[in-house]
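To find a chain, count down the sequence lines: A is the first, B the second, and so on, and within it residues start at 1.
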Protein chains: 2
Amino acid sequence: MRPSDLPEIRHLPLFRDMLQANFEQLMQGAYAQSFPEGLMLIRQGDPADFLHIVVEGMVELFAEWKGRSASMTVVQPVGTFILAACIRDAPYLMSARTLERSRIIMIPASDLRAVFRRDVEFAVSTINELATCYRAVVRHAKGLKLRDSRERVAAYLLKRAAQAGQAEFDLGIEKRVIASMLGMTPENLSRALKSLAEDGVRVQGQRVTLWDRARLLPVAQPDPLLDGPG
Amino acid sequence: MRPSDLPEIRHLPLFRDMLQANFEQLMQGAYAQSFPEGLMLIRQGDPADFLHIVVEGMVELFAEWKGRSASMTVVQPVGTFILAACIRDAPYLMSARTLERSRIIMIPASDLRAVFRRDVEFAVSTINELATCYRAVVRHAKGLKLRDSRERVAAYLLKRAAQAGQAEFDLGIEKRVIASMLGMTPENLSRALKSLAEDGVRVQGQRVTLWDRARLLPVAQPDPLLDGPG
DNA sequence: ACATTTGATTGATATTTATCAATTCAAAGC
DNA sequence: GCTTTGAATTGATAAATATCAATCAAATGT
């Protein structure tokens, strides 16, 4: 593991408040590895042995059933994934693969479980992290049930623009992955984006410009209870 | 609060392992109340002040947006709801209403947050509870994305039969609520049930009989990663 | 027991979304 | 620079799902 990784990880909400000694112990048992693009990190159904942290690159979490596949989310640096499975000592519910060359830190699940029994602050951080993740999935499920695909696309674009802090931004993710995350086919996303042209959306390849936010807002009707805070 | 409530609550995974003194303190600050059918207990967006426990009756959690409404889940005795919002001290993501006359215990969120800082066992239980809830929603979202409505209905029926321990059981919930939970219209559910007749499903009002499980299985292809353990 | 209300079902239709096939486009490798 | 590959788009069609309206059934209250 690189020395520069430690402060970044330490700065995460999950590890921010724990005792230094315990943090060091967790990091002692952890190891880092680089993976090429398109590599399967985790296969759903496998036993959850490690908490994963993306320090570089990008990881797609997706689910499979009966030959079908659906993206659930994309994890970007610096972010953790599959905490819940580690805690429950249960099989992973989602598979994970790198979307680009990525560096991943892996912390043995048993270490985690041991440490939050000793360190209240870490326990509280874990509670907060899980509650946050839970709420994120609930919002996602709400979006799937309450909005149609065009509305989901509009909301997604507004969210990304807000994150970028600009009306113009790069998607940074393949459209077919975005489509799957939003619960639709690539063809449907393509058409949805085209039809949103009349609502102030301009798309050229990966580049998106929301040149008339006022027009797009009523389509998406963004709501913190669906799209998250901020 | 009735004296008979305490042992039931104490027996929940969330409260099972904590110190007796802390449990008593939580219960001291809690209060119980009975509500008639159809009453709004919680409105989404309101600040989360209380963890709710259903000791009698049935509560529907649902979400609203732009005049549309979608059921997320139904909570039955003895079960808790909206733990995550309490922990995050954030607005409720879901509304809640009674489906029948219900007795609810309410524990101030601030008490919860205070206690798990003092009681490691309660902290660990909270972590486990949240991880379990998180995984349940992930499975739900997976079902919405990977299965079509007919498959979701089939899987739901098989799950209910497994819970009942019998091939014949009562739904116990209005079909329109079930439909909304499964992400479909009542009409669509009605037709799906009808079409499942040829796959070993017999429905008469609230009564369901799966008289040919072997025929239904390939439709639903139940999977613990989608339908939960057990 | 009857009337009233509400939910469930059914049929007809519209809309949304997926699928399949063909083409265009863009990036990566040689 | 050219070729190759995979992604994105587009068009045509099919399938799934929603909507609307009418009827039927069941539960509730009087």
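- Between Glu100(A) and Met58(A), some side-chain heavy-atom pair lies under the 4.5 Å cut-off.
- Set against dA8(C), dT17(D), dT16(C), the side chain of Ser149(B) has dT17(D) as its closest nucleotide.
- Between Lys142(B) and Glu64(A) there is no salt bridge, since no side-chain N of the basic residue sits under 4.0 Å from a carboxylate O of the acidic one.
- In this entry the distance linking NZ of Lys145(B) with P of dT17(D) reads 16 Å, nearest Å.
- Checked by atom type, the side-chain pair Tyr156(B)/Arg160(B) shows a donor-acceptor distance below 3.5 Å.
- Taking only side-chain atoms of Asp148(A), from C-beta outward, the nucleotide of dA7(D), dA18(D), dT17(C) with the closest atom is dT17(C).
- To the nearest angstrom, C1' of dA16(D) lies 16 Å from CG of Leu146(B).
- Taking atom CG on Leu189(B) and atom C1' on dT17(D), their separation rounds to 13 Å, with Å as the unit.
- In this entry the distance linking CE of Met184(A) with C1' of dT17(D) reads 16 Å, nearest Å.
- For Glu187(A), taking side-chain heavy atoms from C-beta onward, the closest of the listed nucleotides dG7(C), dT10(D), dA21(D) is dT10(D).
- Contact annotation: side chain of Arg191(B) to base of dT19(D), donor-acceptor pair present below 3.5 Å.
- Close to dT17(D), at under 4.0 Å from its OP1 or OP2, lies no side-chain N or O of Thr185(B).
- The side chain of Lys175(B) approaches dA8(C) more closely than any other nucleotide in the set dA8(C), dA16(D), dT17(C).
- Taking every heavy atom of both residues into account, Ser69(A) and Phe62(A) meet most closely at OG-CD1, 3.7 Å.
- Between Gln204(A) atom CD and dA8(D) atom P there is a gap of 16 Å when expressed in whole angstrom units.
- Whole-Å rounding puts the Leu144(A) CG to dT17(D) C1' distance at 15 Å.
- Atom CZ in Arg207(A) sits roughly 19 Å away from atom C1' in dA8(D) (whole-Å rounding).
- Regarding Asn188(B), its CG atom lies at a distance of 15 Å from the C1' atom of dG11(C), rounded to whole Å.
- If you check the side chains of Glu37(A) and Thr98(A), you find no donor sitting under 3.5 Å from an acceptor.
- Closest to the Lys194(A) side chain, of the nucleotides dT9(C), dG11(D), dA18(C), is dG11(D).
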